[in-house]
J.: 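Before anything else, here's the structure in question.
Order of the sequence lines sets the chain letters (A, B, ...), proteins ahead of strands, with each chain counted from 1. Please read these numbers as outputs of a predicted model, since none were measured by experiment.
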Protein chains: 2
Amino acid sequence: MSPRVGLNLEMIIKTAAEMADKEGIETVTLASLARKLNVRSPSLFNHISGLPNLKRELSLYGLKLLYESLAVATEEKEKDEAIIAMANAYLLFSREHPGIYELTLRAHDPNDQEMDQASSRILHLISSILADYHLNDEETIHAIRGFRSILHGYSSLEQKGAFGMPVKLEDSFHLLLEGYISFLRKK
Amino acid sequence: MSPRVGLNLEMIIKTAAEMADKEGIETVTLASLARKLNVRSPSLFNHISGLPNLKRELSLYGLKLLYESLAVATEEKEKDEAIIAMANAYLLFSREHPGIYELTLRAHDPNDQEMDQASSRILHLISSILADYHLNDEETIHAIRGFRSILHGYSSLEQKGAFGMPVKLEDSFHLLLEGYISFLRKK
DNA sequence: TCATTATAACTAATGCCATTAGTTTTTCAA
DNA sequence: TTGAAAAACTAATGGCATTAGTTATAATGA
């Protein structure tokens, strides 16, 4: 009675990610997702265990994509050049994937090792770039937190439209980075 | 049959705000709110026009509270001292009111003048503090965006638990601010 | 090849939620 | 004191996530 349509987890995640990015996270419901996939919503449960689990999958997917973007952008680069490349890649990611970007920051189950690992890969990438500045352990912690704050703060506010007219947006971001870098160097 | 319980908009907003801060935004539903107020959920519609409208009221309430906190904190202060005072007040607000803090950043209807005004009061407050540094118009725009990015980025990441163990959190924040201030001074 | 088994789709049903319609009760002002 | 406006209510609707139970398809192994 029901022809198999060949649904799988990857299709589900990619379709949901596209919805989250183009139409907003809140529009991603199992009902709307099932409609887009030409399937009845209970069928999704053969591949995911529910909406919270789908969100977790999206978050994980986003972390992996973000890591790839950052890694590619910073390949073969070091110091200021690496910092700027990473910052640009980060901002670009948040612009192209506003939905899954926001999902990457959702607090996750502390027992979820896969999520932990995906997050820490990004942290290590940042850490490896900052290593070029020869900071001690404590300074490195502060530097990572500061860098992430700048990246997330700027991306998040821009994405929410909090900056109003998009005048000289790039300049604002680069000046902020410049300030951060000059402070790094003084350490 | 139904004794009037004396519900009003203020009670509704304050109760909802408390739920948002203590139990999370997603737990604020008209059903749960009505239960907490000992009322049936349709009764809420005599005071608000629905859940989206309640969220808007919460956002407005948050913006007003945040403005007050920042204004009080920076009274009679200027330059670095004012910046640090504002930053501390901002971070404190996001810690004490994580729910409504997040709601203050929700994109709002561009025709909603009351929301516009509540947002711009905060912007003007920041602007007035930065005026002490005698920046030109363009530099001021960049400086405001940078300051807001740092404040929001740090607050948001801390609130989401993205910094992991809360080791030397205050230090990280103040170092970041210090970097920002030294950059301001160089302009 | 064919029978068995697992899997992936389905329908039906439940319960929660937001919202609307329509009713009753209370308050308040003329 | 009476009548209108407001604030509560019940009942009903429709959408959603999720579960249970059913059927069809695919995959496996004799």
J.: Can you measure B:Ile48 atom CD1 to D:dA8 atom C1' for me and round it to whole angstrom units?
T.: 15 Å
J.: Can you check the A:Ile12 CD1 to D:dA17 P distance for me, whole Å?
T.: 13 Å
J.: Does any N or O in the side chain of A:Ser119 come within less than 3.5 Å of the main-chain N or O of A:Met115, such that one atom is a donor and the other an acceptor?
T.: yes
J.: Parallel, tilted or perpendicular, judged at 30° and 60°: which one describes the rings of B:Tyr90 and B:Tyr101?
T.: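 Correct class here is perpendicular.
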J.: Roughly, in whole Å, what's the span from CG in A:Leu7 to C1' in D:dT25?
T.: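 The distance from CG of A:Leu7 to C1' of D:dT25 comes to 15 Å, rounded to the nearest Å.
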J.: Which of these nucleotides, C:dA12, D:dC16, C:dC17, is closest to any side-chain atom of A:Arg35?
T.: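 In terms of side-chain proximity for A:Arg35, the closest of C:dA12, D:dC16, C:dC17 is D:dC16.
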J.: For A:Lys77, check salt bridge (Lys or Arg N to Asp or Glu O under 4.0 Å) against everything at least two apart and list the hits.
T.: none
J.: To the nearest angstrom, how far is B:Glu26 atom CD from D:dA17 atom P?
T.: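 For the pair B:Glu26 CD and D:dA17 P, the rounded distance is 16 Å.
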J.: Looking only at side-chain N and O atoms, does A:His47 come under 4.0 Å of OP1 or OP2 in C:dA9?
T.: yes
J.: Identify, residue by residue, the members of residues 51-61 of chain B with a heavy atom below 4.0 Å from DNA chain C, and return them in order of residue number, or none.
T.: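 Per residue number, the list reads B:Leu51, B:Pro52.
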J.: Are A:Glu138 and B:Lys168 packed together at the side-chain level, in the sense that at least one heavy-atom pair is separated by less than 4.5 angstrom?
T.: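 Of all side-chain heavy-atom pairs linking B:Lys168 with A:Glu138, at least one is under 4.5 Å.
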J.: Please check: side-chain N/O of A:Ser155 versus main-chain N/O of A:Leu151, any donor-acceptor pairing under 3.5 Å?
T.: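 Yes; at least one donor-acceptor contact below 3.5 Å.
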J.: So, does B:Thr15 use its side chain to make a donor-acceptor pair with the main chain of B:Ile12 at under 3.5 Å?
T.: no
J.: Using OP1 and OP2 only, check whether a side-chain N or O of B:Ser43 sits under 4.0 Å from D:dC9.
T.: yes
J.: Can you establish whether the number of heavy atoms outside A:Gln117 located under 6.0 Å from its atom CD is more than 12?
T.: no
J.: Side-chain contact, heavy-atom cut-off 4.5 Å: A:Leu176 with B:Arg145?
T.: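 No - every pair of side-chain heavy atoms lies 4.5 Å or more apart.
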J.: Distance check needed: C:dC17 P versus A:Leu30 CG, whole Å only.
T.: 17 Å
J.: Between N or O atoms, less than 3.5 Å apart, protein on one side and nucleotides 4-6 of chain D on the other: list the pairs.
T.:
residue: D:dA6; atom: N3; partner: B:Arg4; partner atom: NH2; Å: 2.5

J.: Tell me: CG of A:Leu33 to P of C:dA9, nearest whole Å?
T.: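 Distance check: A:Leu33 CG to C:dA9 P gives 13 Å.
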J.: Which nucleotide in the set D:dC9, D:dT19, D:dC16 lies at the smallest distance from any side-chain heavy atom of A:Phe45?
T.: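 From the listed options, D:dT19 comes nearest.
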J.: Without swapping roles, check the side chain of A:His152 against the backbone of A:Arg148 for a donor-acceptor pair under 3.5 Å.
T.: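 Not confirmed, A:His152 side chain does not pair with A:Arg148 backbone.
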J.: Establish, with yes or no, whether the OP1 or OP2 oxygen of D:dA8 is under 4.0 angstrom from a side-chain nitrogen or oxygen of B:Arg40.
T.: no
J.: Ignoring the backbone of B:Thr29, work out which of D:dT18, D:dA17, C:dA18 is nearest its side chain.
T.: C:dA18
